[in-house]
Amino acid sequence: SSSSSSSSSCHDIAKCGGGRRRSPTTWKLGKDNTIHSSVPSLLLASASSSESSEPESEASTDNDTINAVNNDKETTILNTSSSSHSNAKTTDATSNNNSAGEVLSIWPQMDELDKRMMKIALPCIANFAINPLVGAVDLFWVNRMGNALAVAGQSAANQVFSSAFWIVSVLPSVTATLVSKANASGDQEELQDAVSQALVVGLGISLVGSALMLRFPEQILSSVLKDGAPALQYAKPYLYIRAFAFLPSLISLIGFSAFRGTLDTSTPLKISAASNLFNAVLDPILMFTFAMGVPGAALATLGAEIISACSFFYLMLRRKMIRWSKLLRLPSWDKLKPLLQGGAALQLRNVALNLTFLAVARVTQSLDDTGVAAAAHALAIQVFQVGGIVLLALSVVAQTVVPNELIEKVDATTGKRTGGKRAAKNVVNRLMSWGFLLGVFLGGLQMLMLPLLQKSSPLEEVRQAAVIPSILASIYQIMNGLVFIGEGVMVGCGNFFQLSLSTVIATIAALVSLNTLPKMFGLTGVWLSFGVFNSFRLAGVWLHQTRNGPL
């Protein structure tokens, strides 16, 4: 259930907290100016019906939004049955130690608050762990070829495909929110509309993306490889094959979002595990048994993504999450508008992030013509990404818990007050401390495992070149813990523009660094630029939590 609510924001919750509009996730305004929960056992009544009838401007600022939730008007949760009391306690797991106004320790205590966050975080960690497996498996087997240029080419093509794909990844993110809203209200038609229209739009995007990659592979690869780079002979066939994976990859991601919106996270995990196992088995067979080399790795990955997409599509049809009649007609503008508007808010940040990663890849590829620097960078980036899985999961926890905590409530049976700004701040402080401690732990663990990780490459020159970048990648985990969670808090508070602006500024700083530091320090300079990038993002988090944020 946590995954489906992770895309909610306090911007929406504030609207329901003020009793003026229907929330996209939980509440509905009745004719009697009361707010009814989508869970039948709960009723939220506004203390002032006259205030709920006043008009509200659509152009509220982020701080006004949060203040609307935490005004002096008291909201009360009325229990209508014995089961509703249990539901209320489940929803507010911290009611025993997180009453409104109570200041909790910022450090982990293994109390109800910590247990609640761990319950949400663990499935998120499993979900995030699946994502880098395809690239990691391919990189492992390409490394077994003992050819640095092959590694550099595969890495460059994989980066281009990933960047192009994740630029449009806001589509599934918005889909999860729309599906969650429809599922909570029990509206099967709205749920089918949300998933079907995402698939229709995704089909159009995929066809354009695949066509561009198939028609202009060298021009697209020029974003990371300079003209005439030796690694092009390996990158071009790999990208050509992966271009056909644009549609199945997007279907899988939309399918995952749809299941997450219906509170089912186990089914996507089973599909991902099966498809990745297929990829891991097929990689060495195609690459070495059939002597296909790098194209064999691309074919294995394509096969795994097709299996995943077909599995998701079949199960969505079987569970009536989509219908052929909805898939075979173009959605109306009224149906598309929420999907496109929601995605636009996060698009700027995605573009800035991918611009940074593409610039890093291009600078790395230009450091030498042997492919050693690029192969060493690919090795170090795996260290960087593996540790980030846990920290990214905590970012999703922040997106989920913070907006829920912002609503101040009083349980009529126990008289216990929960939620509000103070409770949300307690959650933010605890999450930030968890991020710091886990960052220290993961960074230290990766430092200890560096000798083992370096054995994934048989080339001595690649292993030597990867030492300092891998050390920096481990150290940066401390910063990542604070940055990822802090940016998750921004999403949870609905401060999308501030998050995007912070990322754009960090990208500008990173591009300036990439233009200077690699000339002085080589590959180490590239990783120092990573440090500059995350330092500016951390500054944005600090400003949000201490100066201009709602908490």
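Values reported hereafter were calculated over all heavy atoms of this structure, with side chains retained and with hydrogens, waters and symmetry mates removed.
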Exercise for the section: For side chain to side chain contact (heavy atoms under 4.5 Å, CB included), just list the numbers for Met479 and Phe533, CA-CA rounded to whole Å, side-chain angles, deciding distance to a tenth of an Å, and then say yes or no. Expected result: CA-CA 11 Å; Met479 195 183 304; Phe533 179 59; over 6 Å; no
Handout entry: Residues Ile205, Val201; criterion side chain to side chain contact (heavy atoms under 4.5 Å, CB included); working and verdict
Key = CA-CA 6 Å; Ile205 294 174; Val201 174; 3.9 Å; yes
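- Remark: Ile468 CD1 is loosely packed, at most 12 non-hydrogen atoms of other residues, nucleotides or ligands lying under 6.0 Å away.
- Between Phe484 atom CZ and Leu538 atom CG the span is 11.5 Å, to the nearest 0.5 Å.
- Taking the six-membered ring for Trp and thresholds of 30 and 60 degrees, His377 and Phe530 have nearly parallel ring planes, at less than 30 degrees apart.
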Practice task
For Leu353 and Thr507, run side chain to side chain contact (heavy atoms under 4.5 Å, CB included): C-alpha distance rounded to whole Å, both residues' side-chain angles, the deciding distance at 0.1 Å, then the answer.
Solution key: CA-CA 7 Å; Leu353 286 172; Thr507 294; 5.8 Å; no
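- Side-chain contact between Ser249 and Phe161 is present, with heavy atoms from C-beta onward closer than 4.5 Å.
- Side-chain atoms of Thr289 never come within 3.5 Å of backbone atoms of Leu286 as a donor-acceptor pair (strictly under, hydrogens ignored).
- Distance check: Phe521 CZ to Leu367 CG gives 13.5 Å after rounding to the nearest 0.5 Å.
- Between Leu511 and Asn515 the shortest side-chain heavy-atom distance does not fall below 4.5 Å.
- Tyr240 does not carry Arg242 over the face of its six-membered ring by the limits of under 6.0 Å from the centre and within 45° of the normal.
- Ala245 and Glu305 make their closest contact through CB-OE1, 2.7 Å (heavy atoms, listed as atom of the first residue, atom of the second, distance).
- When side chains are defined from C-beta on, Val151 does not count as touching Tyr234, because their heavy atoms never get closer than 4.5 Å.
- In this structure the side chain of Lys326 never reaches within 4.5 angstrom of the side chain of Val200, judged on heavy atoms.
- Although no hydrogens or angles enter the test, the distance criterion places a donor-acceptor pair under 3.5 Å between the side chain of Ser210 and the main chain of Ala243.
- For the residue pair Leu225 and Arg362, the shortest heavy atom distance occurs at O-NH1, 3.7 Å.
- Annotation: side chain of Ile307 is not in contact with side chain of Phe312 (no heavy-atom distance under 4.5 Å).
- Within the 3.5 Å criterion, the main-chain N or O of Val363 finds a donor-acceptor partner in the side chain of Ser366.
- Judged purely by distance below 3.5 Å, without hydrogens or angles, the side chains of Ser308 and Ser252 pair a donor atom with an acceptor atom.
- Closest approach of Gly435 and Ile485 over heavy atoms only: CA-CD1, 3.3 Å.
- The structure places CD of Gln159 at 11.0 Å from CD of Gln154, a figure rounded to the nearest 0.5 Å.
- Atom OG of Ser325 is separated from atom CD of Gln192 by 7.5 Å, given to the nearest 0.5 angstrom.
- In this structure, the side chains of Leu239 and Leu221 come closer than 4.5 Å at one or more pairs of heavy atoms.
- Using a 4.5 Å heavy-atom cutoff, the side chains of Leu199 and Ile322 are in contact.
- In this structure, Gln233 contributes its side chain and Gly153 its backbone to no donor-acceptor pair below 3.5 Å.
- Between the side chain of Ser223 and the backbone N or O of Ile220 there is at least one donor-acceptor pair closer than 3.5 Å.
- Contact record, Thr364 with Ala374: CG2-CA, 3.7 Å, taken as the closest heavy-atom pair.
- Once rounded to the nearest 0.5 Å, the distance linking CG of Leu501 with CZ of Arg349 reads 12.5 Å.
- Under a cut-off of 6.0 angstrom, the local environment of CZ in Phe288 is crowded, with over 12 non-hydrogen atoms contributed by other residues, nucleotides or ligands.
- Across all their heavy atoms, Ile251 and Ala309 have their closest contact at CG2-O, 3.8 Å.
- Residue Phe313 places its CZ atom among more than 12 non-hydrogen atoms of other residues, nucleotides or ligands, all under 6.0 Å distant.
- Here the side chain of Ser155 pairs no donor or acceptor atom with the backbone of Ala152 at under 3.5 angstrom.
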Practice task
With side chain to side chain contact (heavy atoms under 4.5 Å, CB included) as the test, would you mind laying out the steps for Trp324 and Leu317 before giving the verdict?
Solution key: CA-CA 8 Å; Trp324 282 111; Leu317 278 173; 3.8 Å; yes
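- Put simply, the side chain of Met520 reaches to within 4.5 Å of the side chain of Leu517, judged on heavy atoms.
- Between the side chain of Asp283 and the backbone N or O of Trp141, no donor-acceptor pair lies under 3.5 Å.
- Not counting sequence neighbours, Tyr476 has no partner by the ring-ring contact (aromatic ring centres under 6.0 Å, His included) test.
- The shortest non-hydrogen separation linking Ala465 to Leu523 is O-CD2, 3.7 Å.
- Distance CE/Met292 to CD1/Ile285: 12.5 Å, rounded to 0.5 Å.
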